[in-house]
Amino acid sequence: MKARKLLMIPGPIEFEPEVLQAMGIPTTSHVAPDFIEIFGKSLELMREVWMSPKGQPFIVAGTGTLAMDMAAANLIERGDNVLVISSGYFGKRFKDILDRYGANTTLLEAPLGEIAPLEAIENELKNKQYKALTITHVDTSTGIIVDPKPIAQLAKKYNALSILDGVCSVAGEELNQDEWELDVVLTASQKAIGVPPGLALLMVSEKAMQVWKNRKTPVPNYYADWTNWLPIMKAYEERRPSYFGTPAVNLIVALETSLKIICKEGIEKRVKRHQSLAKAFRAAIASLNLTILPKTTEIAANTLTAVYYPEGVDGAALSSKMVDSNVIIAGGLLPEIKATYFRIGHMGSVSPNDLLAVLGALERALSELGHPLEIGKSLQTFQIELLK
């Protein structure tokens, strides 16, 4: 372990040893009975994590962007009006994807560090008939969390589908898909789900599946088309062999392992753990005279924290010193302010000890770079907050 650096970026994250061991088993056939059982069980466990017993799960080799692409390709037709609610880089990415399929998109962009007000969202829905709206639950570029529940209620009120980008939230933030009546919740394997990169994961409501079935034009993306994937998901869940495209066998074995770990911890307990660690970490960051990107702690995500570099501290130098202490953090992602902030992930199997290591390394790095701080204060603050 001493030669290994602690990976504290917002994905890929640190993975459980059992998950990595599952990745390393000899690859079996994608139609072998044992793999069919693993795939089928993974689909069932997804419903438990998403809290969506009525949902249709999809597990497809790809990234979070593919999951976004699949939602857009299958549910949107040329000329459809779609409202994109953006709190950072990935809201704009959803607009780019939707534009590619010929949607008439309206981008409702929150000011930097803020979220779009519910009144502004309702005003848009009142004045134009939208087929769908998209929400970024946690935008990885800004560390901002949006409450999807009231937005999903507005979508239902105005007869629009609600599509939630949960790439940086599923299995880390509070989510109840069926109760909140979200139509699509998508994510990727390498975030709080806790599996190395390579799987696009979606849960689709009965209503959204009906909209897809009733579309007037063919899905304009062959690989993403649910016409090809739905029979595969149904077959594996019924424990029957099937084939469209070769699944990522080892990743799905790892997925089942991680979903079992998540469900054993309990999704509510897991979310509370993320909330508790994040709250303590934000308090520790504040004790170092640092400012987070979200304007208020109420809209700060529990899966990562975006922090502005203090005045006079060079970002590259800070990152380099963190690496010297065997901790890897991420730089900024939002293009217009990319060089002004950094990001630290704290999701999945993250522990208090991981964050104490991060804070210790951060204190040393900032001190060496001339930032005024009291050595040990962030460590003390973090632990006091955790004990509250």
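Here, residue 1 is the first one in the sequence, and each next residue gets the next number.
Side-chain contact between N104 and D80 is absent, with no heavy atoms from C-beta onward closer than 4.5 Å. Counting heavy atoms from C-beta outward, V82 and T134 have side chains that approach closer than 4.5 Å. Side-chain contact between T106 and E124: present, with at least one pair of heavy atoms (C-beta onward) separated by less than 4.5 Å. In this structure, the side chains of I337 and L293 come closer than 4.5 Å at one or more pairs of heavy atoms. No side-chain heavy atom of M70 sits under 4.5 Å from any side-chain heavy atom of D225. Residues Y130 and L161 fail the side-chain proximity criterion, which asks for heavy atoms closer than 4.5 Å. Under the 4.5 Å side-chain criterion, counting only non-hydrogen atoms from C-beta, C168 is in contact with L304. For the pair T303 and S169, the minimum side-chain heavy-atom distance is 4.5 Å or more.
When atom types are taken as modelled, the side chain of N74 and the backbone of A71 share no donor-acceptor pair closer than 3.5 angstrom. H371 contributes no side-chain N or O that, together with a main-chain N or O of L290, makes up a donor-acceptor pair within less than 3.5 Å. Distance alone, capped at 3.5 Å, places no donor-acceptor pair between the R343 side chain and the Y341 backbone. Although no hydrogens or angles enter the test, the distance criterion places a donor-acceptor pair under 3.5 Å between the side chain of E363 and the main chain of S378. S29 places a side-chain N or O within 3.5 Å of a backbone atom of V31 that can act as its donor or acceptor partner. When atom types are taken as modelled, the side chain of W180 and the backbone of L175 share no donor-acceptor pair closer than 3.5 angstrom. Between the side chain of R364 and the backbone N or O of G360, at least one donor-acceptor pair lies under 3.5 Å. Not a single donor-acceptor pair under 3.5 Å links the side chain of T305 to the backbone N or O of I344. Remark: side-chain polar atoms of K131 are paired, donor with acceptor, to backbone N or O of L75 under 3.5 angstrom. Of the possible polar contacts, one joining the H274 side chain to the G348 backbone as a donor-acceptor pair under 3.5 Å is found.
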Where do Q275 and N302 land on the side chain to side chain donor-acceptor pair (under 3.5 Å) test, with the steps shown first? CA-CA 5 Å; Q275 291 170 343; N302 298 301; 5.8 Å; no
Please determine whether side chain to side chain donor-acceptor pair (under 3.5 Å) holds for the pair Y158 and E122, giving the CA-CA distance in whole Å, both sets of side-chain angles, and the decisive distance to 0.1 Å. CA-CA 9 Å; Y158 292 97; E122 182 158 23; 2.7 Å; yes
Run I121 and I85 through side-chain contact (heavy atoms from CB on, under 4.5 Å) and show every step you take. CA-CA 8 Å; I121 297 169; I85 302 162; 3.8 Å; yes
I would like to know whether K5 and N326 meet side-chain contact (heavy atoms from CB on, under 4.5 Å); could you show each step before the answer? CA-CA 4 Å; K5 298 187 184 343; N326 291 324; 3.2 Å; yes
Can you check side-chain contact (heavy atoms from CB on, under 4.5 Å) on M203 and V184, steps first, answer last? CA-CA 6 Å; M203 187 70 69; V184 179; over 6 Å; no
Candidate pair K92 and E336, rule salt bridge (charged side-chain N to carboxylate O under 4.0 Å, His left out), full reasoning: CA-CA 13 Å; K92 294 174 188 174; E336 54 268 37; 3.6 Å; yes
Test log, rule side chain to side chain donor-acceptor pair (under 3.5 Å), inputs D69 and Y101: CA-CA 9 Å; D69 200 23; Y101 292 111; 2.7 Å; yes
Step by step, work out the side-chain contact (heavy atoms from CB on, under 4.5 Å) result for E174 and D147. CA-CA 9 Å; E174 185 181 5; D147 183 359; over 6 Å; no
Derivation and outcome, side chain to side chain donor-acceptor pair (under 3.5 Å), residues T217 and R78: CA-CA 9 Å; T217 58; R78 184 166 293 279; over 6 Å; no
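For F94 and Y89, the distance between ring centers is not under 6.0 angstrom. Taking the ring centroids of F281 and H346, they lie under the 6.0 Å cut-off.
Comment: E256 engages K260 in a salt bridge, judged by a side-chain N to carboxylate O separation of less than 4.0 angstrom. Salt-bridge annotation for D99 and K95: present, with a side-chain N of the basic residue lying under 4.0 Å from a carboxylate O of the acidic one. A salt bridge links R4 and E14; the closest N-O separation between the charged side-chain nitrogens and carboxylate oxygens is under 4.0 Å. K157 has no carboxylate O lying under 4.0 Å from a charged side-chain N of E181, or vice versa, which leaves the two without a salt bridge. Residues R270 and E48 are not paired through a salt bridge, judged by the lack of any N-O separation under 4.0 Å between the basic side chain and the carboxylate. Using a 4.0 Å cut-off between charged side-chain N and carboxylate O, E37 and R239 make a salt bridge. Between R47 and E237 there is a salt bridge, since a side-chain N of the basic residue sits under 4.0 Å from a carboxylate O of the acidic one.
Checking F58, Y222, W212, F244 one by one against W229, the ring-ring contact (aromatic ring centres under 6.0 Å, His included) holds for a single residue, F244.
In this structure, F39 and Y236 have parallel ring planes: the angle between them is below the 30° cut-off, well short of the 60° mark.
The environment of E265 atom CD is dense: over 12 non-hydrogen atoms of other residues, nucleotides or ligands sit within 6.0 angstrom. Taking a 6.0 Å sphere around NZ of K377, one finds it holds 12 or fewer heavy atoms contributed by other residues, nucleotides or ligands. Residue Q129 places its CD atom among more than 12 non-hydrogen atoms of other residues, nucleotides or ligands, all under 6.0 Å distant. Applying the 6.0 Å contact sphere to NZ of K234 captures no more than 12 heavy atoms from other residues, nucleotides or ligands.
Atom OG of S162 sits about 6.0 Å away from atom CG of L133, to the nearest 0.5 Å. Atom OG of residue S276 and atom CG of residue L386 lie 5.0 Å apart, to the nearest 0.5 angstrom. If you take CG on D165 and OG1 on T136, they are separated by 5.0 Å, rounding to the nearest 0.5 Å. A distance of 9.0 Å separates OG in S242 from CE in M233, rounded to the nearest 0.5 Å. One finds the CG atom of D139 at 4.0 Å from the OG1 atom of T142 (value rounded to the nearest 0.5 Å). The distance from the CD1 atom of I97 to the OG1 atom of T65 is 6.0 Å, given to the nearest 0.5 Å.
Remark: the E109 side chain and the S86 side chain contain no N/O donor-acceptor pair separated by less than 3.5 Å.
Judged as a side chain to side chain donor-acceptor pair (under 3.5 Å), the pairs with a partner in residues 185-208 (not counting sequence neighbours) are, in order, D183-S205.
By the side chain to side chain donor-acceptor pair (under 3.5 Å) test, Y309 is found to be paired with no residue, residues two or more places apart in sequence or in another chain being considered.
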